[in-house]
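Here's the structure, in structure tokens; my notes come after.
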Amino acid sequence: MSEHLPVIVVGAGPGGLATAIALAHKNIPTLLLERSTLPNEVGAGLQMSPNASGLLQKWGVWQMLDMQAVTPNRIRIQSGVSGNQLTEISTREISNRYGAPYMVVHRADLQTALYQRASQMDLIEIVDGCDMREVSETEEYVALRCELANGEQRLFRGSALIGADGVWSRIRSDYVGSGEAAYSGKTAWRTTLPIQMAPPSIDCANVGLWLAPNAHLVHYPIVGGHMMNIVAIVKDDWKEEGWNVPGDPRWLNQRFARWPREIRELLAEREDWLKWALCGQNPNRPWTKGKVALIGDAAHAMLPFMAQGAAMALEDAAILARALNELDGPMDVRLKAYEKARKARVCKVVAKARRNGDIYHLDGLMATARNMTMRLMPKQRLLSQFDWIYRWTPESVTFDT
């Protein structure tokens, strides 16, 4: 019976939509459930490295992003103390080395493209206004009871249930039992502004990463190059769930008062700052229970210091679809194989992101040593440090059941 039921995916953010698309590419029907009205993605911009952009090309999503995504020429790393450039990476070299482009895009534009692609696929049914209430399992299927926007209670049955419901996942906490996400002690502030409002001293066409003690800042173009995305990350004990908590610009400008002039001018341009407390989920905890599995932030929410959070969710989707399509046996065995195939890589990325956060925020002699290392390191050697991340493809993964 279960083989004739769709896979239920809860959460229609980028990870959930990617999962539905990847499953449809393997001829597996999917029921995609979302609590709110679609598309509704909020948040900052995203850096999409070749391991992610290659999947978007394969799934037919890339062309839908063509007018909104930006492929900058370079990534510049600069000192937030002196303003001097430490090093830069050519994005053309990234594309040539790894066979897929590096791009930057607003989260809303990525979700819209994924939603449009999913809506084209006959094997995907999307239901919004659907709030999860209870998960249960039998030998034949997994059941999800939901409350619809009109107050009606409805029971959905599927061959498997995939939790793509984010860092504060209810499927993780209420059913899989993997615990809550932990606050990192860092807060991210974000805003966007029209490119023409950026100070002339700011390189608007490329990615800028600025490093300083206990803080760093990233900016890059989005929305077809018409807007600039700005994210400032600071050490801070503030804690509150959500992506859209207003931030006091006076506090932020005071925090960056000793930074180079161009950054001070850039921050002073905006009053509409939003902030969120950065959280992480221990990826070594269980991702599966019976016919239920987690993907993306629900399984392994990570700090953004490798720009791999969205990429890891897309990779999860690709490997989950392969596991369900290629492996035989009960559903719980196939989901366990997916978890085992993904876990070591994800744990490595999570650990690397955490280390990068410490490196970005170094002070004193350690910061001086970091800066000198970046200045002296040959560009090809610098880029080669990303080989293990950017060269990944779904075909490189083998399953051990």
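Basis for what follows: all heavy atoms, side chains included, without hydrogens, waters or symmetry-related copies.
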*Residues D203 and R74 bridged, charged N to O under 4.0 Å*: yes
*Audit row: V350, Q308, side-chain contact (heavy atoms from CB on, under 4.5 Å) steps and yes/no*: CA-CA 9 Å; V350 168; Q308 286 294 306; over 6 Å; no
_In terms of relative ring orientation, are Y360 and F305 parallel, tilted or perpendicular, with 30° and 60° separating the classes?_
perpendicular
*Set of residues satisfying ring-ring contact (aromatic ring centres under 6.0 Å, His included) with respect to Y390, sequence neighbours excluded*: Y98, F386
*Going by heavy atoms in the side chains, are R270 and P249 under 4.5 Å from each other?*
no
*Taking side chain as C-beta onward, heavy atoms only, is M121 less than 4.5 Å from T30?*
no
*Tell me yes or no: between the side chains of D272 and T191, is some donor less than 3.5 Å from an acceptor?*
yes
_Any donor-acceptor N/O pair, R170 side chain to M132 backbone, under 3.5 Å_ = yes
_Side chain S95, main chain T91, donor-acceptor under 3.5 Å_ = no
Give the table of side-chain donor-acceptor pairs shorter than 3.5 Å for residues 53-66, with sequence neighbours excluded, one pair per line with atom names and distance.
from, atom 1, to, atom 2, distance (Å)
S53, OG, S49, O, 3.4
S53, OG, P101, O, 2.5
K58, NZ, E395, OE2, 2.9

*Side chain proximity check, V70 to Y220, heavy atoms < 4.5 angstrom*: no
*With Y183, which residues qualify under ring-ring contact (aromatic ring centres under 6.0 Å, His included), at least two apart?*
none
*asked:* Testing the 3.5 Å rule here: is there a donor-acceptor pair between the side chains of S90 and E88?
replied: no
*For the side-chain contact (heavy atoms from CB on, under 4.5 Å) test, which of L144, L161, I162, I8 pairs with V292?*
L161
_Given R345, R322, K343, R342, the one that forms salt bridge (Lys or Arg N to Asp or Glu O under 4.0 Å) with D316_ = R342
*Which value, rounded to the nearest 0.5 Å, describes the distance between E137 atom CD and K289 atom NZ?*
8.0 Å
*Close side-chain approach of H25 to N325, heavy-atom, < 4.5 Å*: no
*May I ask you to check whether W251 and W238 place their ring centres under 6.0 Å from each other?*
no
*For the residue pair R97 and S384, establish whether any side-chain heavy-atom pair is separated by less than 4.5 Å.*
yes
*Under 4.5 Å between any side-chain heavy atoms of M312 and N51, yes or no?*
yes
*Counting only N and O atoms by type, is there a donor-acceptor contact under 3.5 Å from the side chain of R190 to the main-chain atoms of N229?*
no
*Are the side chains of Q281 and V167 in touch, meaning some heavy atoms are under 4.5 Å apart?*
no
*Mutual orientation of the aromatic rings belonging to W287 and Y338 [parallel < 30°, tilted 30-60°, perpendicular > 60°]*: tilted
*Side-chain contact test, heavy atoms from C-beta onward, threshold under 4.5 Å: evaluate it for Q380 versus E93 and give yes or no.*
yes
